[in-house]
Amino acid sequence: MNYQELANLIFPEAKPISYYEEKYKKRDLAEGAIVTRFAPSPTGFVHLGSLYQVVIARKMAKQTGGVFFLRVEDTDQKREVEKGVTGIIASLRDFDLTPDEGMISETDEIGDYGPYKQSLRKDIYQAYAKYLLEQGKAYPCFATPEELEEMRAKQEAAKIRPGYYGVWAKYRNLTVEEAAEKIKKGEPYIIRLKSEGREDRKIKHHDVIKGNVDFPENDQDIVIIKADGLPTYHFAHAVDDHLMGTTHVIRGDEWLSSVPLHLQLFQMLGFKAPKYAHIAPIMKEDEGGKRKLSKRKDPEAAVSYYTEIGVPKEAVVEYLLNIANSNFETWRKQNPNASIDEFELQLNKMSVSGALFDIVKILDISKTVISKYTAEQIYEEAYHWAKNYDAELLELLQDKEYALKVFGIERGNAKPRKDIAKWSDVKENIEYMYDKKWEEKERQYEFQKITDKELIKKILTLYMEKYYHENDDKQTWFDKIKDLSEELGYAREVKEFKQEPEKWPGHVGDISTVLRVALTSRSNTPDLYEIMQVLGKDRIKNRFEKLFLGTEEKA
RNA sequence: GGCCCCUUGGUCAAGCGGUUAAGACAUCGCCCUUUCACGGCGGAGACAUGGGUUCGAUUCCCGUAGGGGUCACCA
């Protein structure tokens with residue numbers, strides 16, 4: 001018996017690899033075009049770190065005229081989550097990061113290099129495993145879990161490197177006859193790579209992000225086909241990325257230490273190895289230390305978190321781009337309105353170590369992004385968000401015409417308002433512009449300098465009777481508040497007051513604060529003139545009167 | 001523990017043998033015709049540490065410390 005016969009015994013149905021090599025043609029792309037992918041396992045929600053990888057990988061493909069595809073790595077049935085693929089695809093769509101090729105739903109896919117779901121590629125992996133078996137580069141291993149555990153215990157006790165290698169690789173040197181006999185007897189087995197590597201030899205690897213990294217060669221006889229007939233990650237990676245024409249493997253740096261193995265796999269299979277770009281993880285400060293942003297501990301690790309609190313997708317993507325290439329920020333400053341597609345991302349400028357996640361920074365970016373929106377856009381986005389997450393806000397937004405007026409306050413000019421960081425801020429931001437809300441909510445008037453009720457009453461009455469005119473332009477409007485101040489013995493100008501503070505009881509600002517607080521019950525609001533314009537005379541009057549009623553009742 | 005990687009202000013980071021060591025967020029102060037939000041100006045704040053190499057090290061080499069990753073029939 002020889003290797004060929006043993007291979008036939010193990011995988012009698014497998015096609016020769018030439019079949020697949022011909023079936024999947026080399027991609028016809030321009031020189032320098034990057035083909036890359038996102039290859040998640042459907043094990044739960046999409047992590048911010050995954051989104052980060054997608055942003056980078058997709059951008060690299062786009063800016064070189066290449067291809068970005070989505071491959072689902074579902075070779076571990078135990079960890080698989082129901083509707084996992086749907087969740088991944090939905091998340092990518094939420095951020096406008098849809099792939100060019102690959103899975104587009106739980107069951108459907110597009111592209112010529114499929115299936116893009118690994119569980120559907122079983123026959124392909126087996127063909128390549130058979131190919132290795134035929135050459136004696138792989139072998140069946142009959143070690144039971146107990147045997148393996150015993151081996152590990154011995155290694156640990158002896159303080160030597162654990163693993164299945166060298167003299168520890170018990171089934172590595174079985175003759176084909178012995179192996180065939182065990183198989184025929186029905187003994188369970190898996191397929192291992194017969195490693196030709198030596199631990200005392202180094203391999204040189206140039207990582208696109210990490211730079212030059214030297215490793216010992218891999219000498220572990222790693223499993224390539226598991227007991228369920230499916231491949232391990234390593235083997236699937238080599239076969240798939242070869243067949244799918246991946247030029248750059250862009251993935252998390254937890255894979256960096258597997259590079260020697262992966263390179264070896266490509267070499268033993270006779271494939272050209274792709275370039276690797278290992279991305280540092282996004283970290284989080286934890287009890288003085290740093291750790292990866294964690295699915296379990298950190299709500300902000302899930303990309304859905306941002307849709308839930310209402311951070312616009314562009315803000316998340318810009319933040320990620322900013323972590324990726326710090327010159328993005330400079331570019332953005334110079335090109336405030338350019339599409340991010342115009343920014344050229346460079347992998348070799350990426351940081352080799354993990355950055356701490358900074359929610360304050362992402363919200364700052366978000367504020368800037370939102371400040372560039374028109375009132376109409378804000379309305380649409382806030383409405384869309386409210387529909388999913390906030391019924392109260394949704395109700396406020398029913399009157400679109402009015403909402404647009406409210407959102408239009410101090411917007412569309414050279415220095416637009418920058419007070420909304422996320423859609424969940426909106427309700428709090430605009431509430432007081434709605435009479436119903438304004439009336440049903442318990443109001444606390446926090447008058448600042450002027451607190452005397454009689455004086456407040458006098459200011460409001462005088463203002464409405466003598467000074468307020470709905471059609472005044474802003475300058476006239478403000479001049480009149482100055483006139484009012486003067487009539488009450490307050491300084492017309494803040495500057496004058498500051499020069500001789502003993503001359504007046506206060507200044508125009510104190511008077512306008514009374515108007516502001518009486519009208520909105522807040523001391524911080526956008527431009528009061530615009531607020532008054534939106535509210536209109538009757539409602540202003542009404543609110544002032546309500547205030548008197550309230551104070552009299554309490555008095 | 002073995003192997004690999006990393007270490008510039010609170011955070012993200014420029015830098016790549018000679019710099020007053022950029023910039024952004026955060027923070028503090030002042031200014032911006034009324035409060036905020038912006039914007040402008042300014043302040044405070046950093047090369048983990050010890051040895052080398054060099055005329056000269058943040059930059060190059062070695063050690064130490066600290067941090068991270070990885071050592072599965074999981075990806």
### Message
Suppose you measure atom C1' in B/rU20 against the same atom in B/rU7; what distance do you get, rounded to whole Å?
### Response
25 Å
### Task
Kindly say if A/Arg152 contacts the phosphate of B/rA72, meaning a side-chain N or O under 4.0 Å from OP1 or OP2.
yes
### Message
Quick check on B/rG39: is either OP1 or OP2 less than 4.0 Å from any side-chain nitrogen or oxygen of A/Lys333?
### Response
no
### Query
Please give, in whole Å, the distance from B/rA13 P to A/Asp364 CG?
16 Å
### Task
Ignoring backbone atoms, test whether A/Lys202 places a side-chain nitrogen or oxygen under 4.0 Å from the OP1 or OP2 oxygen of B/rC4.
yes
### Query
Within less than 4.0 Å of OP1 or OP2 of B/rA75, is there a side-chain N or O belonging to A/Thr232?
no
#### Entry: Short side-chain N/O contact to B/rG2 OP1/OP2 from A/Lys159, under 4.0 Å
no
### Message
For a quick test of reading the model: is some side-chain N or O of A/Thr75 closer than 4.0 Å to OP1 or OP2 of B/rC74?
### Response
no
### Query
With respect to the phosphate group of B/rC74, does any side-chain polar atom (N or O) of A/Lys226 fall under 4.0 Å of OP1 or OP2?
yes
### Query
Under 4.0 Å between a side-chain N/O of A/Lys210 and OP1 or OP2 of B/rC4, yes or no?
no
### Distance in angstrom units between A/Glu254 CD and B/rC4 C1', rounded
14 Å
### Task
Establish, from distance only, whether the side-chain atoms of A/Gln346 and A/Asn325 form a donor-acceptor pair under 3.5 Å.
no
